[in-house]
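Letters A, B, ... mirror the listed sequences (proteins, then strands); counts begin at 1.
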There are 2 protein chains.
Amino acid sequence: MPTVKTAGRPTRSRGAAPPHRPSGQERQAGIITAAAALFATNGFKGTTTKEIAKSVGISEALLFKHFPTKRALYAAILKEKVSIPELLASVEEAAKKRDDRQVFTLIASHRIRRSADPTLLRLLLFSALEGHEISAMFFRTQHRIFYDFLAGYITQRAKEGAFRHVDPMLAARAFTGMLAHHRLLHEIFGVPAHRSPEDSVAAYVTLFLDGLLTARAEGPPSTARRQS
Amino acid sequence: MPTVKTAGRPTRSRGAAPPHRPSGQERQAGIITAAAALFATNGFKGTTTKEIAKSVGISEALLFKHFPTKRALYAAILKEKVSIPELLASVEEAAKKRDDRQVFTLIASHRIRRSADPTLLRLLLFSALEGHEISAMFFRTQHRIFYDFLAGYITQRAKEGAFRHVDPMLAARAFTGMLAHHRLLHEIFGVPAHRSPEDSVAAYVTLFLDGLLTARAEGPPSTARRQS
DNA sequence: CACAGGTAAGTAACTACTCACTCACTGGAT
DNA sequence: ATCCAGTGAGTGAGTAGTTACTTACCTGTG
């Protein structure tokens, strides 16, 4: 019953530049990039495969040649995005030197500024809210390392008498909580920043660290920026 | 062309208890309650009007008699849920007495324990992520009052010499940030709590307040619980 | 020619929302 | 007491559009 179909790409008009047909891997990377942006702004259910295909500049059919389902694509994105970065190495170095300010500054700086990819937070929140298993796993494994390290450091420094005694895990979460809330306010709720990221980092570190130190340096009183 | 339709409620069999047909207002309240729970767990796009109707126990048609669109229902929910409670009054009383610990404890307690409705956080996050105007407005108006009050108090106490000098707005956000993060971890990411809510409140208050006080009470060193 | 890369045109299921209709109950006029 | 128009609460059966995913096909290049 169906009449003759004329599908496939249209015959390219002569003289046009060769369009560099990308390899499968390049395509996949392109799809992931484009899809991540869409998922981050609209969520999983709020993003259609049609939109993704259009945003990449391909047909939906090709999309499904690369990823068997929409969910598989989503999982691939989360897997790629989620990685505890080179942060821990440099922090551990500062920790060995007992450079408290540096330890906290590195962490704060990483959380506030370097979180390079602004879509990650949204992506993560969406996936957590929408109940994808991956995000829970992410928080339990990847993030736990982070908290545990900080909690361990605080415990150690308290033993050494440099920090006063507090619940270390709670303090670790409190510190990262401050920073997470900072990003949440700005990136999700659109509250305007009233100071530069560097200033914010320094202020958070001073606020928290000076509250923790037993011997408190009564330096310049107001808004803090000891050294860069 | 359509044949005879037999619609309407089925004739009740004799002897059954009178089913108390609710008034319009009661119905609306029922719809809002049921829909709020669904929106909170699945998000706006993840919730269908069919589900809502089924959950209330009515037909979709009746749903649309009460709320012209799905979005209107959602807006009604947010409008109803969002209200800055009696918190500020009691906090202001404590503030007048300069009872620092009480001020921070009231706030922390409200944020961690009393946030009565566990769906509100999810609802709010969803609406923020999905970009509904209401949530941005909520944070800019309702929450601003909150931050401003706390920032004002910190400023005042710093002037009086009781608190050390910090950026007050940043400190206010840092404190609420710790608490927000706490709820986020438990309610959204499912991280298990390692102490009771009361203990958490006391610990957060001690952690933060003792970091802020100029004259620091070197009381019992470890996990804090000064008084109930 | 083989084949990876690509597509137009489906399809079945679902979505928000509508339509045309039926009840059960009210408060007079008879 | 009984009729009866009016009304608010309620519904089954749509509809037009969208969604994730499939099928059957095409084509330039090593």
Any idea which of [options] is nearest the [X] side chain?
{"X": "A/Lys70", "options": "D/dT11, D/dC21, C/dT7", "answer": "D/dC21"}
{"X": "A/Ile58", "options": "D/dC21, D/dT19, C/dT7", "answer": "C/dT7"}
{"X": "A/Lys65", "options": "D/dA24, C/dT18, D/dT22", "answer": "D/dA24"}
{"X": "B/Glu60", "options": "C/dC17, D/dT11, C/dT7", "answer": "C/dC17"}

Answer yes or no: are there more than 12 heavy-atom neighbours, outside A/Glu92 itself, under 6.0 Å from its atom CD?
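More than 12 within 6.0 Å, yes.
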
Does a sphere of radius 6.0 Å around CD in A/Gln156 hold more than 12 heavy atoms from other residues, nucleotides or ligands, not counting ones at 6.0 Å or beyond?
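It does: A/Gln156 CD has more than 12 such atoms within range.
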
With heavy atoms under 4.0 Å as the rule, sort B/Ser59 into base, sugar-phosphate or nothing.
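Since a base atom lies under 4.0 Å of B/Ser59, the category is base.
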
Is the shortest side-chain heavy-atom distance between B/Met169 and B/Asp148 below 4.5 Å?
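They are in contact (side-chain heavy atoms under 4.5 Å apart), so the answer is yes.
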
Would you kindly give the [atom1]-to-[atom2] distance between [X] and [N], to the nearest whole Å?
{"X": "B/Leu62", "N": "C/dA16", "atom1": "CG", "atom2": "P", "answer": "17 Å"}
{"X": "A/Phe64", "N": "C/dA9", "atom1": "CZ", "atom2": "C1'", "answer": "15 Å"}
{"X": "A/Lys54", "N": "D/dT18", "atom1": "NZ", "atom2": "C1'", "answer": "15 Å"}
{"X": "B/Tyr74", "N": "C/dA16", "atom1": "OH", "atom2": "P", "answer": "14 Å"}
{"X": "B/Leu63", "N": "D/dA9", "atom1": "CG", "atom2": "C1'", "answer": "14 Å"}
{"X": "B/Lys45", "N": "C/dA16", "atom1": "NZ", "atom2": "C1'", "answer": "13 Å"}
{"X": "A/Lys50", "N": "D/dT22", "atom1": "NZ", "atom2": "P", "answer": "17 Å"}
{"X": "B/Leu73", "N": "C/dA16", "atom1": "CG", "atom2": "C1'", "answer": "13 Å"}

Which one of B/Leu63, B/Leu62, B/Ile77 satisfies the side chain to side chain contact (heavy atoms under 4.5 Å, CB included) criterion with B/Ile31?
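It is B/Leu63, the one option of B/Leu63, B/Leu62, B/Ile77 that forms the side chain to side chain contact (heavy atoms under 4.5 Å, CB included) with B/Ile31.
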
Do any side-chain nitrogens or oxygens of B/Thr49 fall under 4.0 Å of OP1 or OP2 in C/dA16?
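Result: yes.
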
Residue-phosphate contact under 4.0 Å: B/Arg27 side-chain N/O, D/dG8 OP1/OP2:
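False: B/Arg27 side-chain N/O out of range (4.0 Å or more) of D/dG8 OP1/OP2.
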
For A/Thr48 and A/Pro68, take the nucleotide of DNA chain D holding the closest heavy atom to each; which residue's nucleotide lies nearer the 5' end?
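Its nucleotide being nearer the 5' end, the pick is A/Thr48.
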
Measure the acute angle between the ring planes of B/Phe175 and B/Phe104, then classify it against the limits of 30° and 60° as parallel, tilted or perpendicular.
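Perpendicular.
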
